[in-house]
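Below is one structure, written out as structure tokens; the observations come after it.
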Amino acid sequence: MKSILKFLTCGSVDDGKSTLIGHMLYDAKLLFADQENALKLDSKVGSRGGAIDYSLLLDGLMAEREQGITIDVAYRYFTTEERSFIVADCPGHEQYTRNMAVGASFADLAIILVDASNGVAVQTRRHTRICALMGIRHVVLAVNKMDLIEYDKTRFEAIEQEFRSLSANYNFKTLHVIPVSATEGDNLTLSSPNTPWYKGGPLLTYLENIDVETDAVQHSFVMPVQRVCRPDHTFRGFQGQIEGGQIQVGDEILALPNEETARVKSIFVGDKNVSSAVAGQPVTIQLDREIDISRGCVLVKDEKPIVSDMFNANLLWMDNDHLVAGRNYILKCGTMTIPATVLNIKYKLDINTGSHLSAKKLIKNEIASCDIITSKPIVFDEFEKTNVLGGFILIDRVSNMTSACGVIAHSLRRSENVVWQDTDITKDFRANQKSQQPCTLWFTGLSGSGKSTLANALEKKLVAMGKHTMLLDGDNIRHGLNKDLGFTESDRVENIRRISEVAALMNTAGLVVLTAFVSPYISDRAQARDIVGSDFVEIYVSTPLEVCEARDVKGLYKKARAGEIPNFTGISDPYEAPVDAEIVVDTSEITIDQAVDMVIKALEKLGTL
Amino acid sequence: MSSLSHLDNLEAEAIYIMREVAAECANPVMLYSIGKDSSVMLHLALKAFYPEKPPFPFMHIDTTWKFKEMITFRDNIAKKHGIEMIVYTNEDGVKQGLNPFDHGAAYTDIMKTAALKQALNQYKFDAAFGGARRDEEKSRAKERIFSFRNKEHAWDPKNQRPEMWRLFNTAINKGESMRVFPISNWTEKDIWQYIKRENIDIVPLYFAAERPVVTRDGNIIMVDDDRMRLNPGETPEIKSVRFRTLGCYPLTGGFESKADTLDEIIDETLAAIASERTSRVIDNEAAGSMERRKREGYF
């Protein structure tokens with residue numbers, strides 16, 4: 001039975017990456033050269049003194065530029081008698097690190113090219129590092145352009161030696177080193193008479209025969225639940241792909257994170273009822289009893305992955321917007337999707353040398369070690385142990401961009417050491433005692449929009465109605481709790497996070513909390529909403545900038561316009577208006593009393609009061 | 001050590017993708033073109049959710065000019081599997097009398113592309129499965145499996161979301177949508193081998209049969225109904241023909257063939273791909289040597 005091999009090629013334009021693959025396919029008579037390629041060949045042949053330029057048989061980087069398409073990963077397909085292949089062809093320059101990472105995350109094997117006349121170069125180290133980071137376990141080092149060094153065995157062995165000591169740092173399962181000439185065709189599909197000292201066989205034969213089946217089947221059973229299948233009330237099955245090990249009818253499984261056990265009643269692979277299934281198969285599993293399982297849960301047997309809410313990871317940043325420590329993102333790991341915060345940047349990695357650099361922010365294509373905390377405990381594992389539970393992506397809450405990918409290095413077992421202290425007096429008890437429903441009324445808007453004035457008037461009214469309240473005001477909090485924070489982006493993020501936590505605590509104390517902060521970023525308000533929970537009401541004070549600036553109660557706009565205040569929201573820093581605030585008030589059109597009445601009515605309508 | 005074949009792997013990948021969409025997208029739909037790739041997609045969807053029916057409707061954009069056999073096949077398949085089949089036609093286009101004889105590109109634009117956008121907007125679908133494959137053409141080779149579309153349904157190849165491992169980002173804002181291609185990594189050959197392995201129903205037009213045809217500009221066009229406009233002097237002949245791709249009958253060229261079993265079709269198809277390769281590669285080589293000879297002063 002034919003298996004499939006997914007591999008990527010790493011090398012820069014001059015390394016002969018396209019020539020290598022092009023020549024190999026050409027010699028193996030596997031090339032699907034379409035009309036367009038034929039025309040290109042017509043117009044461009046000659047770059048190698050009239051001989052065929054095999055790189056043109058693939059649409060190379062040049063063609064991509066001509067088409068105006070960003071240099072990106074392209075996938076190619078070919079099949080020999082022995083095997084089906086998918087090649088992820090990706091660019092190798094440093095500014096395309098994320099593209100190479102996409103290709104590497106897809107592949108089982110990497111062909112890393114070095115130029116025999118240059119030896120192991122800085123970029124070789126970078127490519128190797130990215131492949132290792134993304135979980136590649138099988139590497140072929142193709143020492144190319146052997147013709148330029150007259151097939152010198154000694155030189156080849158020196159390069160092999162250097163690469164082997166370099167890759168000793170990584171967890172590769174196989175490493176094969178092969179002398180080739182992409183242009184001349186040495187050792188591509190046939191053993192070359194020019195390298196009689198090399199006994200390892202040609203590249204294509206190696207690719208056809210290498211066993212990259214991970215020890216997925218030997219791994220203990222693990223299946224992240226994709227969805228619950230409920231065609232009618234008699235059937236409830238859990239659908240997902242078995243990512244490790246095997247399962248049989250009658251086996252006892254453990255469902256995480258809830259730690260409930262049950263026995264397997266039936267297994268379907270697709271539409272076939274079977275008695276057992278193995279890693280790589282899509283299954284539907286029925287259990288012998290009802291336990292609480294939903295998407296994001298993980299079914300295991302024998303070995304248990306980690307359940308925690310904090311871990312250390314290596315993060316590859318991929319977004320045009322930079323990473324700010326303390327900011328909240330959506331994390332996807334396995335089949336779990338959950339809000340998460342990047343707590344810090346411990347150090348940045350020099351992608352070429354591997355040395356650690358200190359960093360405050362992370363920009364596109366940079367790799368860093370970070371601690372991450374999720375809003376609730378999730379099931380994960382170290383990437384080295386279980387790839388599918390150790391790799392994750394971060395999604396920007398506003399742009400929805402895939403901002404980063406990461407691999408989990410280890411759990412930070414805080415959640416096991418700091419247990420939540422259950423108290424006898426509960427939030428509900430405290431709320432009942434005050435005969436009220438606690439909530440956080442989160443006012444957001446430009447400086448001078450009337451947030452504080454409105455919140456102050458509203459609090460007076462609420463107290464008059466017999467409510468127990470607390471008003472958190474921006475300026476006042478900055479005098480105490482947050483006096484260590486400035487106005488940079490990361491300080492503002494932390495400012496809002498602390499206030500959210502304080503508001504949540506006061507809600508737990510049974511209070512109605514009012515907060516009046518500019519809070520200009522959508523993602524920060526989304527994080528506040530996550531921290532506070534269902535009691536959160538966003539009130540957007542939408543007074544236009546001109547009105548706020550005309551009021552200029554504190555004289556701040558004048559100073560900002562004069563350039564005396566950097567990072568001033570509305571002038572030199574953006575204000576991201578809410579799109580789904582529960583209440584919107586424009587104080588330029590109504591009196592304060594009218595505004596208070598309006599908010600009260602809206603709160604009653606929402607069922608908050 | 002694993003006993004899974006490459007078809008098993010491709011099948012598992014497609015099923016995983018379909019389940020992800022069903023779990024994460026609010027209102028998905030599977031586009032159904034009645035062709036062989038759609039037949040494979042439907043088969044995969046039935047497997048992916050079994051014993052549940054696929055938890056989304058299927059949708060065919062009907063230009064009103066499809067082969068009669070396609071429409072019959074579509075209706076029978078929907079009935080047989082008990083799936084919801086939405087059939088959408090751009091009625092404005094029909095009213096304007098658009099047809100493939102007089103309106104060429106405008107016909108395709110309005111009856112296919114515009115019709116699809118209208119249908120997606122009308123039903124507010126946030127994800128649409130398509131059966132496109134990366135081996136089909138160059139721009140597809142670079143498209144993600146989960147391909148983001150803005151409110152105007154446009155693809156921005158310069159700003160694609162990185163797709164890591166199997167962690168698909170399905171996050172969108174209101175009005176935006178996803179195109180999802182579960183069989184991105186399949187080749188034409190994989191499709192045919194899978195159809196055979198799984199015994200999947202396909203439209204009989206793929207098999208050779210005696211059919212009334214005319215030959216026009218080197219293309220064999222089937223006279224599927226009396227709307228077919230015959231040029232002066234043209235009379236339909238009966239020939240044994242079959243079709244490699246299916247679409248609107250006046251725009252779909254068939255070819256003469258006796259292949260009326262799946263094995264024969266597969267052999268014929270694979271041979272066609274192989275010969276195309278060989279001839280093109282030879283062309284390329286010739287072009288190269290001609291170029292060289294020209295520069296060497298051949299003329």
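A, B, ... follow the sequence lines: proteins, then strands. Residue 1 opens every chain.
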Proximity breakdown for [X] and chain B, heavy-atom pairs closer than 4.5 Å:
X	answer
A/Arg230	backbone
A/Val388	side chain
A/Ala101	both
A/Val225	neither
A/Ile393	both
A/Gln286	neither
A/Ser403	neither
A/Tyr75	both
A/Thr402	both

For chain B, which candidate among [options] shows the most heavy-atom pairs at distances under 4.5 Å?
options	answer
A/Val102, A/Asp396, A/Val269	A/Val102
A/Pro282, A/Gly103, A/Ser399, A/Ala104	A/Pro282
A/Ile4, A/Thr337, A/Asp319	A/Ile4

Quiz item: Checking B/Leu10 against chain A: side chain, backbone, both or neither under 4.5 Å from a heavy atom?
Solution: side chain
Practice problem: Run through B/Asp190, B/Asn185, B/Thr187 and flag the one making a side chain to side chain donor-acceptor pair (under 3.5 Å) with A/Tyr77. | Solution: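 Going through B/Asp190, B/Asn185, B/Thr187 one by one, the side chain to side chain donor-acceptor pair (under 3.5 Å) with A/Tyr77 is satisfied by B/Asn185 alone.
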Without swapping roles, check the side chain of [X] against the backbone of [Y] for a donor-acceptor pair under 3.5 Å.
X	Y	value
A/Gln226	B/Ala23	no
A/Ser105	B/Trp165	yes
A/Lys332	B/Phe168	yes

Self-check item: Closest non-hydrogen atom pair between B/Leu4 and A/Ala279, with its separation
Solution: CD1-O, 3.5 Å
Quiz item: For the residue pair B/Ala171 and A/Ile395, what are the closest heavy atoms and their distance?
Solution: CB-CG2, 4.2 Å
With respect to chain A, which residue among [options] yields the maximal number of heavy-atom pairs within a distance under 4.5 Å?
options	value
B/Arg161, B/Lys53, B/Arg19, B/Glu13	B/Arg19
B/Glu20, B/Lys47, B/Glu176, B/Gln160	B/Glu20
B/Ala48, B/Ser184, B/Ala12, B/Pro162	B/Pro162

Practice problem: Go through B/Glu52 and A/Arg227 one step at a time and tell me if the salt bridge (charged side-chain N to carboxylate O under 4.0 Å, His left out) criterion holds. | Solution: CA-CA 12 Å; B/Glu52 198 180 333; A/Arg227 67 187 294 272; 3.3 Å; yes
State the [atom1]-[atom2] distance between [X] and [Y], to the nearest 0.5 angstrom.
X	Y	atom1	atom2	value
A/Gln239	B/Ile15	CD	CD1	9.5 Å
B/Leu7	A/Ser3	CG	OG	11.5 Å
B/Glu11	A/Gln281	CD	CD	9.0 Å
A/Asn400	B/Phe148	CG	CZ	7.0 Å
B/Met164	A/Phe106	CE	CZ	12.5 Å

Exercise. Walk me through it: do B/Tyr16 and A/Thr335 pass the test side chain to side chain contact (heavy atoms under 4.5 Å, CB included)?
Key: CA-CA 11 Å; B/Tyr16 188 87; A/Thr335 57; 3.9 Å; yes
Quiz item: Would you call A/Gln241 and B/Arg166 a side-chain contact if the rule is heavy atoms closer than 4.5 Å?
Solution: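 Result yes, sub-4.5 Å side-chain heavy-atom pair found.
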